[in-house]
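Okay, so here's the structure we're looking at.
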Number of protein chains: 2
Amino acid sequence: MTRVRLADVAKAAGVSPATVSLVLNDAESRISDETKERVRRVADEVGYSPNPIARSLRTRVTGTIGLVSDRIATTPFAGRMLAGAQEVARENGRLVILVDTDGHPEIESEAISTLVNHRVDGMVYASMYHQIIPAPAGLPAGTVFLDCRPEGGGYPAVVPDDYAGGRAATQELVDAGHRRIAYIDDGDDDRPIAAQLRLEGYVDVLTEAGIEPDPALHVFAVTAAAGGQRAIAELMSLPEDQRPTAVFAFNDRIAAGVVMWAHRHGIRIPEDLSVVGYDDQQLVAAELDPPLTTVSLPHAAMGRWAMEVALGLRAADTDSPHLMDCPIVRRASVAPPAHLGSARDPRVTD
Amino acid sequence: MTRVRLADVAKAAGVSPATVSLVLNDAESRISDETKERVRRVADEVGYSPNPIARSLRTRVTGTIGLVSDRIATTPFAGRMLAGAQEVARENGRLVILVDTDGHPEIESEAISTLVNHRVDGMVYASMYHQIIPAPAGLPAGTVFLDCRPEGGGYPAVVPDDYAGGRAATQELVDAGHRRIAYIDDGDDDRPIAAQLRLEGYVDVLTEAGIEPDPALHVFAVTAAAGGQRAIAELMSLPEDQRPTAVFAFNDRIAAGVVMWAHRHGIRIPEDLSVVGYDDQQLVAAELDPPLTTVSLPHAAMGRWAMEVALGLRAADTDSPHLMDCPIVRRASVAPPAHLGSARDPRVTD
DNA sequence: CTGAAAGCGCTTACAG
DNA sequence: CTGAAAGCGCTTACAG
């Protein structure tokens with residue numbers, strides 16, 4: 001099936017190739033209406049569709065956006081960033097060329113130069129989780145950083161507002177009436193910036209509520225269910241009056257461990273213990289019993305934002321990152337503390 | 001930064017553009033060794049790198065592979081297929097253009113024609129889960145189907161060997177000494193082909209082991225933790241001598257529900273009940289307590305296979321799909337049945 | 001209002 | 001052994 005070319009359309013319509021090009025590209029219309037119509041009709045009839053390669057060679061625009069990521073495609077974690085970015089590209093008639101570097105610097109720098117060489121119109125550099133990184137060499141100006149930001153700025157970037165997320169999670173618990181709220185922090189060697197930001201949100205909300213943060217309620221865990229189990233066991237081994245009535249976990253995996261431990265020890269959630277996670281991780285948070293109240297990471301929104309900036313559809317600051325809201329997702333793991341619940345039920349009717 | 005062109009290299013080396021092209025492309029070498037060397041050196045010095053757009057226009061090969069998928073990028077489920085495919089492409093100097101259709105037929109057909117129009121060298125069509133589908137219109141010959149297969153064949157395809165996986169899961173339990181093994185099947189309206197294949201594997205292994213499949217032990221659940229909880233509750237409400245000592249769950253989410261229910265009811269896994277899942281779902285299977293023995297879906301291997309075929313690196317049958325092995329992943333949720341364990345321990349020493 | 005010509009940066013027969 | 005020329009399929013000044 002030899003494809004029909006612009007020249008074929010021109011011949012069939014009895015005009016020059018230049019005219020066909022002008023008409024089909026809606027150039028400033030010096031072409032007569034009847035010619036335009038005829039050209040369009042003929043193009044339609046023969047099913048003409050311009051060869052994007054030839055067009056790119058001439059115009060130097062390819063209609064493609066490069067998306068390089070460390071591990072976004074490999075982990076179940078952040079696929080929605082990719083999906084959000086891809087969706088915006090498609091809506092705007094662009095194609096995304098994806099390269100996943102699996103975290104290898106050599107692959108990354110090769111990917112960047114390949115993409116630049118392929119004349120992508122724009123580029124987004126995505127990380128699997130919120131981090132601050134040195135900007136890779138060779139990145140074109142205007143590359144947008146997704147879920148990470150470059151040391152020293154200089155590029156548009158979007159990251160989750162983890163401080164506000166930490167506040168929201170804690171506020172949810174304070175509002176339910178809790179005073180003894182634990183924070184199970186990320187205890188991995190390479191503690192991410194998000195952990196610190198969420199902690200600050202937690203501390204600030206507590207303080208504003210007139211609750212003095214208790215160091216005994218700030219514990220660390222490896223970010224996995226097993227870590228969550230150990231951490232909650234530690235917390236629950238505190239003297240009864242010092243135990244938390246609620247816990248805010250750094251992420252849903254840790255929260256899952258808390259829930260599992262509770263099941264095994266006959267502790268009811270949320271009646272005996274409230275828990276709030278973070279991430280709203282698919283196939284985890286909603287699957288717990290009870291379904292977990294958590295703070296969602298706005299992956300799709302960040303992906304969309306990044307692509308909009310890459311396409312020039314949206315202006316962006318290159319000095320400081322755009323902070324994306326992390327909305328709380330209310331499910332069923334938060335309730336008033338037990339003493340409040342039992343003290344209240346008989347008396348209050350509302 | 002105006003890039004250096006082939007003509008620049010030619011001028012600097014004092015030869016014609018044709019010569020440069022021939023040398024750099026290692027064409028059948030009619031060029032003298034000294035000329036070759038000089039051209040290569042000059043090209044190197046000026047940092048020449050051919051413009052792939054111009055080359056594509058001339059040669060009609062673009063070095064790109066189109067990957068259209070329904071939802072592979074959006075769900076946490078099958079990202080490894082994408083990663084495997086992308087990895088093979090990269091290893092072979094190709095770029096993958098990804099379009100996720102989110103399951104919309106209009107987007108899909110538009111994506112296919114866009115990709116074809118962009119002159120991709122090959123195409124892979126990926127599904128989120130093993131299914132048989134009508135081949136979308138407009139798909140180029142040789143498009144490889146990933147984790148799905150076209151009705152009526154005609155294209156290379158790769159799917160997991162779910163029958164063998166069902167056998168492996170059941171065999172694991174039979175080998176541990178179980179005789180009363182339940183299968184919690186997919187009870188969703190649109191029961192996937194994998195559910196039937198796994199069931200057949202289960203029945204066949206049981207039969208071969210001289211165990212008559214008990215219809216009471218074949219139950220259905222919605223594929224979520226909640227479904228698993230209801231199913232195991234149903235199973236455990238059977239008279240004691242009819243209850244299963246082991247369960248094979250259609251997937252890890254259902255298995256997770258089984259484990260949660262067990263925790264709540266003081267049933268120990270694997271001492272009191274063995275469980276085998278399916279999928280080896282990241283961030284789920286290994287996170288359970290105990291970590292789940294399961295059958296893994298070979299997503300990365302399937303992704304690699306599909307891309308290898310798309311690149312012509314591997315021959316493939318277009319009549320019947322390639323069946324990819326689903327290896328069992330042994331963790332800690334399987335043990336001999338309780339009566340065997342207690343009967344055996346005092347006597348056997350090995 | 002429209003056409004002829006040049007050119008984007010390569011590759012590849014065709015000559016010599 | 002190497003070069004001049006044509007051509008891939010478009011777009012865009014430049015003429016008229």
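Convention: sequence-line order gives letters A, B, ...; per-chain numbering from 1.
The distance between atom CD1 of A/Ile53 and atom P of C/dG7, rounded to the nearest whole Å, is 23 Å. One atom, CZ of B/Arg55, and another, P of C/dT12, lie 9 Å apart when rounded to the nearest Å. Atom NZ in A/Lys36 sits roughly 10 Å away from atom P in C/dT2 (whole-Å rounding). One interatomic measurement links the two molecules: CZ of A/Arg3 to P of D/dG9, which rounds to 11 Å at whole-angstrom precision. Taking atom CG of B/Asn117 as the reference point, atom P of D/dC10 lies 9 Å away to the nearest angstrom. Counting to the nearest Å, the C1' atom of D/dC10 and the CZ atom of A/Arg58 are 8 Å from each other. Rounded to an integer number of Å, the gap from CG of B/Leu6 to C1' of C/dG7 is 16 Å. Going from atom CG of B/Leu22 over to atom P of D/dA4 covers 14 Å, rounded to whole Å.
Nucleotide D/dA4: unpaired (no Watson-Crick or G-U wobble partner with both distances less than 3.5 Å). The pairing partner recorded for D/dA13 is none, the criterion being a Watson-Crick or G-U wobble arrangement whose two distances lie under 3.5 angstrom.
Using a 4.0 Å cut-off, some side-chain N or O of A/Thr35 falls inside it from OP1 or OP2 of C/dT2. Applying the 4.0 Å criterion to OP1 and OP2 of D/dT2, one finds that B/Ser32 has a side-chain N or O inside that range. An OP1 or OP2 oxygen of D/dG9 is reached within less than 4.0 angstrom by a side-chain nitrogen or oxygen of B/Arg60. Residue B/Tyr48 places no side-chain N or O under 4.0 Å from the OP1 or OP2 atom of C/dG9.
Within the structure, the side-chain hydrogen bond (donor to acceptor under 3.5 Å, both in side chains) test picks out the following pairs touching residues 8-19 of chain B (sequence neighbours left out): B/Arg5-B/Asp8, B/Ser16-B/Thr19.
Residue B/Met307 comes nearest to B/Val96 through the heavy atom pair CE-CG1, 4.4 Å, listed as atom of the first residue, atom of the second, then distance.
The side chain of B/Asn51 lies closest to C/dG9, out of C/dT2, C/dG9, D/dC10. Nearest nucleotide to the A/Arg5 side chain, out of D/dG3, D/dG9, D/dT11: D/dG9. Here the side chain of A/Ser16 is nearest to one of D/dC10, C/dC10, C/dG3, namely C/dG3.
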Set out, in order, the CA-CA distance, both residues' side-chain angles and the distance that settles side chain to side chain contact (heavy atoms under 4.5 Å, CB included) for A/Leu67 and A/Val99, then state yes or no. CA-CA 6 Å; A/Leu67 173 10; A/Val99 10; over 6 Å; no

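No donor-acceptor pair under 3.5 Å is formed between the side chain of B/Thr143 and the backbone N or O of B/Val124.
Nearest-nucleotide assignment on DNA chain D puts the 5′-proximal partner with B/Arg38, out of B/Arg38 and B/Thr59. Take the nearest nucleotide of DNA chain C for B/Thr19 and for B/Ala54: the residue whose nucleotide is more 5' is B/Ala54.
Using cut-offs of 30° and 60° on the angle between ring planes, the pair A/Trp305 and A/His322 is parallel.
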